[in-house]
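Every value quoted in this text rests on a predicted model; they were computed, and no experiment measured them. In what follows, chains carry the letters A, B, and so on, assigned in the order in which the sequence lines appear, proteins first and then strands, with residues in each chain numbered from 1.
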2 protein chains.
Amino acid sequence: MASSDRTLRAFIGYDMKRALNVVLGDLGIVLAGFGLRMTTYSTLVVIRDNPGLRQTRLAEILMIERPNLVLILDDLEEAELVTRIRAPDDRRAYELTATPKGKRLCEQATAAVNGHDTRMTRGLSDEEVAALHRALRQIELNGRTSDDPSEIPRP
Amino acid sequence: MASSDRTLRAFIGYDMKRALNVVLGDLGIVLAGFGLRMTTYSTLVVIRDNPGLRQTRLAEILMIERPNLVLILDDLEEAELVTRIRAPDDRRAYELTATPKGKRLCEQATAAVNGHDTRMTRGLSDEEVAALHRALRQIELNGRTSDDPSEIPRP
DNA sequence: TATTGTTATACTCTATAACTATA
DNA sequence: TATAGTTATAGAGTATAACAATA
């Protein structure tokens, strides 16, 4: 009986969670080959793309809490992929930069993640993949803007 | 600078994770109104749809590990939404059934989750939502069948 | 007084090994 | 010996409160 979860399959959240589970499983294997996890990889990419970024802004971009980012950066710094340098204009803050080693690893890992992405979307046309991206971003937007709890019916 | 994560936005896994985060956040609020979490809700639905189901099979359907299911069922049983009854033909196993109270709550919660689902997919046409379901199931399938590690290039 | 980064902590979800009782 | 359910435990991700240094 392969469809015993048919009721749940009607919900977009369930199909998203099932699909994301297998995607993250595969991605985790790929990134482990570079000594990275999902969190450290995405953090490294954003730092490489935005040199001099500070932690509060980085946490906003990645939608994670600042205390959790501290541990991720500790990992990246210990692996010599990222440096924290005191900001000259604000001695409370750090400017984050990818080291040459970090940039190289980021590029190699990104190539592998591109391959992973291609594998995961196999069987879908370019237009279908583009539509998938659009739909997911629309849903993210819907979720952000429905923060008004008055819209949410309660029992 | 709203697109500082543009590199990551090219990956389907990133857009899926961002979208799922907001969906699960909203869904969590909806389900909390019924005293349920995501895990207890989906477990309750599958039990109601498949009376007499046993735990090993249920864990397979939901793709969770059996030890983790035990705690979920403890919750559902303590809330008197589900019963574990010794299988007459195999005294190691339990037959899982939703109580009348469990069926009522399941129906009410499902109505609320339907509303949540509609809110989350707002701005998307019926055809776009259908395409989204199809794409996500294709990706889940791709992930399942690419279990062969020989396909995954390593550094 | 407010902000940056930090520490400590707690809770959920997830994953594995080892146990018991039955088969 | 194999299976169904269970216990114990550990890891990762996530969330909040409170702190020191600086603004």
**Student:** Please say whether more than 12 non-hydrogen atoms of neighbouring residues, nucleotides or ligands are located less than 6.0 Å from CG in A:Asp89.
**Tutor:** yes
**Student:** Does a side-chain N or O from B:Thr56 land closer than 4.0 Å to OP1 or OP2 of D:dG5, or not?
**Tutor:**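 Checking D:dG5 against B:Thr56, a side-chain N or O does come within under 4.0 Å of OP1 or OP2.
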**Student:** Are any of A:Thr39's side-chain N or O atoms less than 4.0 Å away from OP1 or OP2 of D:dA12?
**Tutor:** no
**Student:** Can you check the A:Leu71 CG to C:dT7 C1' distance for me, whole Å?
**Tutor:** 9 Å
**Student:** For DNA chain D, which residues in residues 73-84 of chain B have a heavy atom at a distance below 4.0 Å?
**Tutor:** B:Arg84
**Student:** Counting heavy atoms not belonging to A:Glu60, are there more than 12 under 6.0 Å from its CD?
**Tutor:** yes
**Student:** Specify the separation, in whole Å, of atom CG of A:Leu20 and atom C1' of D:dG13.
**Tutor:** 13 Å
**Student:** Atom CD of B:Glu95 to atom P of D:dA4: distance rounded to whole Å?
**Tutor:**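 Value for this atom pair: 14 Å.
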**Student:** In this structure, how many angstroms lie between the C1' atom of D:dT14 and the CD1 atom of A:Ile72, rounded?
**Tutor:** 10 Å
**Student:** To the nearest Å, how far apart are B:Leu31 CG and C:dT12 P?
**Tutor:**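 Rounded to whole Å, this separation is 14 Å.
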**Student:** Checking side-chain polar atoms at under 3.5 Å, does A:Tyr94 have a donor or acceptor matched by the opposite partner on A:Arg54?
**Tutor:** no
**Student:** Does A:Arg91 CZ have over 12 foreign heavy atoms under 6.0 Å away?
**Tutor:**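 At most 12 heavy atoms, drawn from other residues, nucleotides or ligands, come within 6.0 Å of this atom.
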**Student:** Judged by atom type as modelled, is there a donor-acceptor pair below 3.5 Å linking the side chain of A:Ser125 to the main-chain atoms of A:Glu128?
**Tutor:**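 A pair under 3.5 Å: yes.
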**Student:** For a quick test of reading the model, state the closest non-hydrogen atom pair linking A:Leu96 to A:Arg84 and the distance between them.
**Tutor:** CD2-CG, 3.5 Å
**Student:** In whole angstrom, give the distance that lies between atom CZ of A:Arg37 and atom C1' of D:dG13.
**Tutor:** 9 Å
**Student:** Using a distance-only test with no angle check, is there a side-chain donor-acceptor pair under 3.5 angstrom linking B:Tyr14 and B:Arg18?
**Tutor:**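 Indeed, the side chains of B:Tyr14 and B:Arg18 share at least one donor-acceptor pair under 3.5 Å.
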**Student:** Scan nucleotides 15-23 of chain D nucleotide by nucleotide, 5' to 3', and note B when protein non-hydrogen atoms come under 4.0 Å of the base, S if they reach only the sugar-phosphate, - if neither.
**Tutor:** BBB---BBS
**Student:** In whole angstrom, what separates A:Leu69's CG from D:dG13's P?
**Tutor:** 13 Å
**Student:** Between atom OH in B:Tyr94 and atom C1' in C:dA23, what is the gap in whole Å?
**Tutor:** 15 Å
**Student:** Does some side-chain heavy atom of A:Leu81 sit less than 4.5 Å from a side-chain heavy atom of A:Leu105?
**Tutor:** yes
**Student:** I'd like to know if the side chain of A:Asp49 pairs up with that of B:Thr7 as donor and acceptor (distance under 3.5 Å, no hydrogens or angles considered).
**Tutor:**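 The answer is yes; a qualifying pair exists.
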**Student:** So, OP1 or OP2 of D:dT6: does either fall under 4.0 Å of a side-chain N or O from B:Gln55?
**Tutor:** yes
